[in-house]
Amino acid sequence: MALESLSRGIFSALGMLKSRRKLDEEQLKDMLRSLRRALQEADFNVRQTKEITEKLESRLRDEEPRLGITLQTHAMNILYTELVRLLGPPREVRPQQATILMVGLYGNGKTTTTAKLAEWYRRRHGVRVAVIEADVHRPGAFNQLTQLLEDSPVQVYGEPENDSAVDIVRNGLKEHASADLVIIDTAGRHKLDEELVEELENISEVSRANERFLVIDAQVGQSAGPVAANFHDLAGVTGIVITKLDGTARGGGALSAVATTGAPVVYIGTGEKVADLEKFESDRFISRLLGMGDIRGLIDLAPEDMDEEEAMRITQRMLSGRFTLNDMYSQMEMMSKVGTIDKLLSFLPSGMFGGMGAMGKNQKEAMQANLDRYRVIMDSMTTYEKDEPAKIKSDRIRRIARGSGVKEKDVRELIGQWNRSRKMMKGMSGNRKMNKQMKRMMRDPDMDFEGLEM
Ligand SMILES: Nc1nc2c(ncn2[C@@H]2O[C@H](COP(=O)(O)OP(=O)(O)OP(=O)(O)O)[C@@H](O)[C@H]2O)c(=O)[nH]1
Ligand SMILES: [Mg+2]
């Protein structure tokens with residue numbers, strides 16, 4: 001993953017709070033010092049580094065960790081929210097009737113990213129994509145783009161003999177008027193000089209591109225900020241792609257620098273191959289950076305009114321592979337009780353508990369009604385039936401329905417729900433890495449983050 005060394009630095013800094021439940025001044029100072037160093041080594045600027053560490057310090061002093069949550073985890077959660085806030089909310093890009101103009105300095109990865117994006121939208125959104133090579137300055141640009149998209153059905157438009165970028169763009173757009181998305185690659189320069197500015201303005205006008213993506217090499221670190229600001233003034237950048245995050249330890253600088261320009265980071269490049277592109281979502285990115293696995297998040301974010309022991313018990317059941325109707329019931333009950341249910345649910349595979357992704361108020365009420373009905377039905381079942389719902393035959397279903405005053409289809413629905421949840425659980429416990437992490441977490445709630453696999 002990108003920024004591994006930052007990740008390691010953060011773990012070892014916060015690891016200093018290990019086995020602590022109360023703040024120790026000395027340790028806190030050491031931890032903050034290490035964290036500061038880790039952020040600076042990843043090229044976060046001095047002001048941001050100061051801001052983040054000060055925020056962490058004051059929140060650690062002011063906010064008590066919730067019951068059962070270690071200081072280290074508490075610090076991790078604070079850092080998570082602060083970093084996500086710094087990098088800003090994600091932005092959706094719709095590839096319908098869209099034209100993306102790629103801009104950026106020389107060698108930052110515009111042509112490569114043009115090919116990556118074309119394949120991304122073609123594959124993930126199933127839209128028809130065409131690319132236009134409008135770099136008339138770099139010899140071989142058209143060949144480069146053609147080669148990158150050699151195995152792809154994406155159409156590449158170019159006129160290697162023509163030295164007017166504006167003409168090429170005009171012709172290309174005409175030729176591919178029926179494409180859902182057209183991506184235009186342009187020339188780079190060492191810096192934004194007059195000639196490039198004029199060419200870009202002309203292309204921008206002719207193409208009427210609704211998206212202008214700025215491509216920035218992560219290696220430039222903090223100077224990404226001023227570069228982004230310049231291009232922003234010129235072209236009204238709508239999204240930023242940070243490339244080569246695979247090859248540098250200092251990518252934090254570029255990420256944070258552009259984050260402060262107001263134009264959101266939309267994608268990151270993590271390799272030379274066409275497939276090496278990731279959508280940038282600050283929350284996911286940071287949770288991966290901090291090694292917060294899905295289940296880890298589920299338990300750490302469990303709100304106060306959720307019974308810790310019950311959460312642990314259910315998790316253990318999940319691992320054991322046994323999952324009865326009673327387990328499902330208490331799980332759903334727990335889910336419907338907790339305050340921040342939406343957040344909690346966002347950590348679970350979508351489709352679990354009958355596909356309640358983000359639950360609205362109505363859905364919560366519906367779930368509560370379901371629970372009430374399930375309770376009544378389950379009261380008419382024997383212990384064996386609750387343990388082995390798969391074994392319930394249709395004559396028993398009829399009697400259970402009669403006994404609980406519901407329709408047979410309601411009983412079947414309960415069993416169906418159990419079946420779906422069980423399969424989901426099996427999928428989760430079949431995930432070996434998650435399994436291992438969870439088991440270790442059970443044994444040692446003060447677990448060392450450094451040992452976590454990422
Ligand atoms: N490791 C790595 N290399 C990348 C990434 N993106 C681009 N590159 C490499 O960076 C070099 C420059 O990429 P180009 O796509 O040609 O950059 P450009 O901005 O089009 O360059 P000019 O057209 O000369 O301005 C190439 O060798 C790419 O393979 C990335 O995300 N990771
Ligand atoms: Mg290029």
Side-chain angles (χ1 to χ4, degrees), residues 1-6 42-43 100-120 131-152 154 156-160 162-163 165 168-169 172 182-193 195-200 203 207 209 211-221 223-224 227-228 230-231 234-235 237 239-255 258 265-280 285 288:
M1 83 172 254
L3 296 183
E4 266 146 18
S5 57
L6 172 60
D43 217 13
I100 304 177
L101 185 64
M102 306 295 288
V103 301
L105 296 181
Y106 175 78
N108 277 218
K110 293 177 297 299
T111 307
T112 313
T113 308
T114 301
K116 287 178 177 180
L117 287 172
E119 267 298 273
W120 176 279
V131 296
I132 299 176
E133 182 49 77
D135 179 353
V136 293
H137 301 281
R138 161 170 291 286
F142 177 68
N143 281 343
Q144 187 192 355
L145 189 56
T146 308
Q147 227 156 55
L148 282 162
L149 289 167
E150 184 173 52
D151 301 323
S152 155
V154 167
V156 184
Y157 185 88
E159 301 176 33
N162 194 341
D163 63 4
I168 297 175
V169 170
V182 178
I183 308 177
I184 305 170
D185 183 29
T186 64
R189 294 283 204 292
H190 284 296
K191 56 181 181 24
L192 254 180
D193 57 20
E195 201 190 338
L196 177 63
V197 168
E198 202 184 314
E199 189 182 278
L200 269 182
I203 293 178
S207 67
E211 297 280 359
R212 272 109 19 216
F213 281 7
L214 171 65
V215 179
I216 297 187
D217 184 334
Q219 240 125 10
V220 305
S223 56
V227 172
N230 281 342
F231 271 98
L234 169 69
V237 172
I240 293 172
V241 182
I242 309 245
T243 61
K244 310 186 198 180
L245 258 182
D246 52 311
T248 175
R250 303 164 64 80
L255 273 176
V258 300
V265 177
V266 280
Y267 292 94
I268 54 176
T270 55
E272 297 194 30
K273 291 199 293 297
V274 171
D276 299 331
L277 186 76
E278 286 177 27
K279 191 165 178 211
F280 183 77
F285 184 82
R288 258 198 314 171

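Counting starts at 1 for both ligands and their atoms, in listed order.
Given atom 30 (C) of ligand 1, the protein heavy atom at minimum distance is Gly271 O, 3.0 Å. Looking only at heavy atoms of the protein, atom 15 (O) of ligand 1 is closest to Thr112 OG1, 2.5 Å. Of all protein heavy atoms, the one lying nearest to atom 18 (P) of ligand 1 is Lys110 N, 3.3 Å. Protein heavy atom closest to atom 16 (O) of ligand 1, with residue, atom name and distance, is Gln144 NE2, 2.9 Å. Atom 3 (N) of ligand 1 has Glu272 CG, 3.3 Å as its closest protein atom, hydrogens excluded (heavy atom only). With hydrogens left out, the protein atom closest to atom 1 (N) of ligand 1 is Asp246 OD2, 2.8 Å, a heavy atom. When only non-hydrogen protein atoms are considered, atom 17 (O) of ligand 1 lies nearest to Gly109 N, 2.9 Å.
Under the 30°/60° scheme for interplanar angles, the aromatic rings of Trp120 and Tyr267 are found to stand perpendicular.
Within a 6.0 Å sphere centred on CG of Asp193, other residues, nucleotides and ligands contribute more than 12 heavy atoms.
The side-chain heavy atoms of Glu133 and Gln144, taken from C-beta on, include no pair separated by under 4.5 Å. By the 4.5 Å heavy-atom criterion applied to side chains, Phe231 and Ile240 are not counted as neighbours. Two residues are said to be in side-chain contact when any heavy atoms from C-beta on lie closer than 4.5 Å; Lys116 and Asp276 meet this criterion. Annotation: side chain of Phe285 is in contact with side chain of Ile268 (closest heavy-atom distance under 4.5 Å). Residues Arg138 and Thr111 have side chains not in contact (no heavy-atom distance under 4.5 Å, counting atoms from C-beta outward).
Listed by number with element, the atoms of ligand 1 under 4.0 angstrom from any heavy atom of Thr270 are 31 (O). Which parts of ligand 1 touch Gly188 is read off a 4.0 Å heavy-atom cut-off, strictly below it: atoms 25 (O). Listed by number with element, the atoms of ligand 1 under 4.0 angstrom from any heavy atom of Tyr106 are 24 (O), 25 (O). Interface atoms of ligand 1 facing Gly269, defined by a heavy-atom separation under 4.0 Å, are 31 (O). The contact set between ligand 1 and Arg138, taken as ligand atoms under 4.0 Å from a residue heavy atom, comprises 22 (P), 23 (O), 24 (O). Atoms of ligand 1 found under 4.0 Å from any heavy atom of Thr111 (numbered from 1 in listed order, with element): 15 (O), 18 (P), 20 (O), 23 (O).
In this structure, Gly107 is part of the shell of residues with a heavy atom less than 4.0 angstrom from ligand 1. The closest approach between any non-hydrogen atom of Asp135 and ligand 1 is below 4.0 Å. Using a 4.0 angstrom heavy-atom cutoff, Gly104 does not count as in contact with ligand 1.
Contact annotation: Thr111 places an N, O or S atom under 2.8 Å from the Mg ion (ligand 2).
Scanning both residues, Ala134 and Ile184, for their nearest heavy atoms gives CB-CG2, 3.9 Å. When every heavy atom of Phe142 is checked against every heavy atom of Pro160, the shortest pair comes out as CD2-CG, 3.6 Å. A pairwise comparison of heavy atoms in Ala254 and Ala224 identifies CA-CB, 3.8 Å as the closest pair. Across Ala118 and Val131, no two heavy atoms sit closer than the pair CB-CG1, 3.7 Å.
At least one N/O-N/O distance between Lys244 and ligand 1 falls below 3.5 Å. Considering backbone and side-chain atoms alike, Asp276 places every N or O at 3.5 Å or more from each N or O of ligand 1.
Across Arg250, Lys244, Lys110, a single residue satisfies salt bridge (Lys or Arg N to Asp or Glu O under 4.0 Å) together with Asp217, and that is Lys244.
Contact annotation for Lys116 and ligand 1: only side-chain heavy atoms (C-beta onward) come within less than 4.0 Å of the ligand.
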